[in-house]
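Notes for the one structure printed next.
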Amino acid sequence: MWRLMRDYVQFLREEKKWWLVPLLLILLFLGLLAAAGSGSALSPLLYPFM
């Protein structure tokens, strides 16, 4: 897992693709939101945001 992150950061440095960082963070946030809203105790609190 950490090797994948290290390789990704190295790719960003070499290719100057820093615009991918916010895109990746947004996708991770949406994935976490969907996972938390699917079957946890927090799901009633997340319904207004989905």
Side-chain angles (χ1 to χ4, degrees):
M1 177 72 180
W2 294 111
R3 183 175 180 202
L4 178 66
M5 292 299 292
R6 188 181 68 216
D7 288 344
Y8 183 70
V9 170
Q10 183 179 0
F11 167 76
L12 292 176
R13 283 183 185 159
E14 290 175 0
E15 300 295 325
K16 306 286 193 273
K17 303 280 185 182
W18 291 110
W19 57 271
L20 288 173
V21 174
L23 180 66
L24 180 67
L25 292 176
I26 289 170
L27 288 175
L28 285 173
F29 175 72
L30 290 175
L32 289 173
L33 187 65
S38 66
S40 70
L42 295 176
S43 57
L45 300 174
L46 296 175
Y47 286 141
F49 301 108
M50 294 184 139

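Contacts of Glu14 classified as side-chain hydrogen bond (donor to acceptor under 3.5 Å, both in side chains), with partners at least two apart in sequence or in another chain: Gln10. A search for side-chain contact (heavy atoms from CB on, under 4.5 Å) contacts involving Trp2 returns nothing, not counting sequence neighbours. Not counting sequence neighbours, the partners of Arg6 by the side-chain contact (heavy atoms from CB on, under 4.5 Å) test are Arg3.
The shortest heavy-atom contact between Tyr8 and Leu24 is CE2-CD2, 3.5 Å.
Neither Leu28 nor Leu4 shares a network with the other; the hydrophobic side chains, linked directly or stepwise wherever heavy atoms of I, L, V, M, F, W or Y lie under 4.5 Å apart, form separate groups for each. Under the 4.5 Å side-chain heavy-atom criterion for Ile, Leu, Val, Met, Phe, Trp and Tyr, Val21 and Met5 are members of distinct hydrophobic clusters. A continuous path of Ile, Leu, Val, Met, Phe, Trp and Tyr side chains, each step under 4.5 Å between heavy atoms, connects Leu23 with Leu25, placing both in one hydrophobic cluster.
Around the CH2 atom of Trp18, the shell of radius 6.0 Å holds more than 12 heavy atoms that belong to other residues, nucleotides or ligands.
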